[in-house]
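Chain letters run A, B, ... following the sequence lines, proteins first and then strands; every chain starts at 1. Every heavy atom of this structure was used, including side-chain atoms; hydrogens, water molecules and symmetry mates were not.
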Amino acid sequence: MPTRHWLCKSEPDVYSIDDLERDGSTGWDGVRNYQARNFMRDSMRPGDRVLFWHSNADPAGVAGVAKVAGKPRPDPSQFDRRSPYFDPGSDPDDPTWMMVDVAFVSRFREVIPLDRLRAEPALAGMLALKRGNRLSVTPVTPEEFEAVMRMSRERKRV
DNA sequence: GCCAACGTTGGC
DNA sequence: GCCAACGTTGGC
């Protein structure tokens, strides 16, 4: 199990790092992509660190850090008729969609915006930054994770 | 709101 | 099993 770091995207209008700080932890529900599901179901383990990404936001970028807080479990929203994530094809005895719980770790003073991340040589290979990538859950290498943490501590130059 | 890029669906 | 049409994501 090589990777211990992840990047998860959320639209802050729907659920932001501030919401996670307030709630303490949350079920990462609503993921309806098989590759992203497989990462959560097969590879995420309690304690793994997660970069919390704000997408469809101004600015888009990394807003803070969370950690995986539990084992994978069925995403309850797939069985909730009133949920936008309801999946009538999912069998309760063999749920299609799995998720993990994540807990708040830290909130950056400022979101590290996409253009700064793109300008960082250590992140040149980062999956989530690749053109055309739309996966909402992606693995992050320890080096990439550390580079982002370093950037979060840098004083902003004026 | 636009639209490029991508995943999924469904007819054949 | 191909692939065009469609829907969604997400930066801008």
Supply the members, apart from Tyr85(A), of the Ile/Leu/Val/Met/Phe/Trp/Tyr cluster built from side-chain contacts under 4.5 Å; use none for a lone residue. none

Heavy-atom contact window of chain A on DNA chain C, given 5' to 3' at under 4.0 Å: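 Contact boundaries, 5' end first: dG7(C) to dC12(C).
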
Which residues share a side-chain hydrogen bond (donor to acceptor under 3.5 Å, both in side chains) with [X], sequence neighbours left out:
| X | result |
| --- | --- |
| Asp101(A) | Arg73(A) |
| Ser106(A) | none |
| Trp53(A) | none |

Residue list, ring-ring contact (aromatic ring centres under 6.0 Å, His included) with Phe39(A), at least two apart or on another chain: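 With neighbours one apart ignored, the set is Trp6(A).
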
With sequence neighbours left out, write down each residue that passes salt bridge (charged side-chain N to carboxylate O under 4.0 Å, His left out) with Arg41(A), or none if nothing qualifies.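 Partners of Arg41(A) by the salt bridge (charged side-chain N to carboxylate O under 4.0 Å, His left out) criterion come out as none, since no residue qualifies.
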
Taking only residues two or more places apart in sequence or in another chain, which ones pass salt bridge (charged side-chain N to carboxylate O under 4.0 Å, His left out) with Arg81(A)? none

Contacting residues from residues 51-64 of chain A, given that a heavy atom lies under 4.0 angstrom of DNA chain B: none

